[in-house]
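Worth knowing before you read on, the calculation uses all heavy atoms, side chains too, and leaves out hydrogens, waters and symmetry mates. Per chain, numbering begins at 1; letters A, B, ... match sequence-line order.
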2 protein chains.
Amino acid sequence: MSEDKKQISIAESKVMEALWRAYPLSAEDVTTDVAAEHNWSVGTVKSLLNRLLSKGAISAEKDGRRYLYTPVLSHDDYMTREGQGVLDRLFDGRVSAMLTHFSRHEKLSGDDIAELKKLIKELDNDE
Amino acid sequence: MSEDKKQISIAESKVMEALWRAYPLSAEDVTTDVAAEHNWSVGTVKSLLNRLLSKGAISAEKDGRRYLYTPVLSHDDYMTREGQGVLDRLFDGRVSAMLTHFSRHEKLSGDDIAELKKLIKELDNDE
DNA sequence: TTTTATTGATTACGTCTGTAAACATTATGC
DNA sequence: GCATAATGTTTACAGACGTAATCAATAAAA
């Protein structure tokens, strides 16, 4: 991914997800993969792939007469970027502020809390 | 806010922030408020206000010949919606998954962790 | 009363996005 | 060899978005 870090749109991210699941993939493979959630034509998928290529988020390698596409932007980097984006925008960049917000609005389930406790314990053990 | 819950764009959310800080405000007040971060013309702000009106995110009350604008969409609701949106999209809807991701990528500061511990303790006390 | 300033309403325009068709090229099947 | 299918490339279009100018109406100033 180049330094300019162009934004990936929602539809484009769905194509990225297909590639993150298993790569490299052809345009047809991607179309089939996302069909579970999006009834897109191959034309649509090709458009999205070409936009992602322009943005440097994926690379393409010729395979016979078709291309096989590979993610350049990693799933982890994308999650970090998007997650940090909303934290910066809405929660002073702090995940704890987001957690506080959700806990005050009863958005945390018992499972969530149990997992959080476990995670905090792990973080403690790491120190 | 009506049931359809139209999306608020980034620029529109900046206008919302001005209104959340202190309402009701006129178009000129908003322009002045956001000037710290955005050197927008009054025209731009009016456009954004009218879009927000169309989306039902704000309401307007006549004050002489101008309007004073008031948020309908609350800051808390917006934060919940946006936060949950990215959680749903990227983290299976779980804040703990997001936290796990950030902790694995060394994105949690010592302060973050201390706050999280405090929060978990508070959650424990709530039960 | 006329002119100017203020304010809302409307229009404008380039870029991005979602979706996909149209076109061009090449490989495959008959 | 010709027709068809596969695949890439390009074009298309409506709506959203960022930004702001233009137009219309009204109040205030001269």
Interatomic distance, B/Asp112 atom CG to A/Ser96 atom OG [nearest 0.5 angstrom] = 5.0 Å
Give the nucleotide from the list D/dG18, C/dT17, D/dT10 with an atom nearest to the side chain of A/Lys55.
-> C/dT17
Closest of D/dT19, D/dG8, C/dA9 to the A/Ala27 side chain is D/dG8
What integer distance in Å separates A/Glu61:CD from D/dG8:C1'?
-> 16 Å
How would you label the contact of B/Ile10 with the nucleic acid (heavy atoms, under 4.0 Å): base, sugar-phosphate, or nothing?
-> sugar-phosphate
Can you list the steps and then say if A/Leu53 with A/Tyr69 is a side-chain contact (heavy atoms from CB on, under 4.5 Å)?
-> CA-CA 9 Å; A/Leu53 271 175; A/Tyr69 300 92; 3.9 Å; yes
Picking from C/dA9, C/dT19, D/dG8, the nucleotide nearest the side-chain atoms of A/Trp40 would be C/dT19
In whole angstrom, what separates B/Leu48's CG from D/dC17's P?
-> 11 Å
When the distance from CG of B/Leu25 to P of C/dT7 is rounded to whole Å, what number comes out?
-> 14 Å
Atom CG of B/Asn50 and atom C1' of C/dT11 are separated, to the nearest Å, by 12 Å
Could you tell me whether A/Arg66 and A/Glu28 make a salt bridge, using a distance below 4.0 angstrom between a side-chain N and a carboxylate O?
-> no
How long is the line joining CG of B/Leu49 and P of C/dG8, in whole Å?
-> 8 Å
Identify, between A/Arg51 and A/Tyr69, the residue whose nearest nucleotide on DNA chain D lies closer to the 5' end.
-> A/Tyr69
Return the value, rounded to whole Å, for the distance between atom CZ of A/Arg66 and atom P of D/dA5.
-> 19 Å
Between A/Val45 and A/Arg65, which is nearer to the 5' end of DNA chain C once each is assigned its nearest nucleotide?
-> A/Val45
Between D/dG8, D/dT19, C/dT7, spot the one nearest the side chain of B/Ser47, thanks.
-> D/dT19
Which part of the nucleic acid does A/Ser9 contact within heavy-atom distance under 4.0 Å: base, sugar-phosphate only, or nothing?
-> sugar-phosphate
Polar side chain donor-acceptor pair, A/Ser47 to A/Asn50, under 3.5 angstrom | no
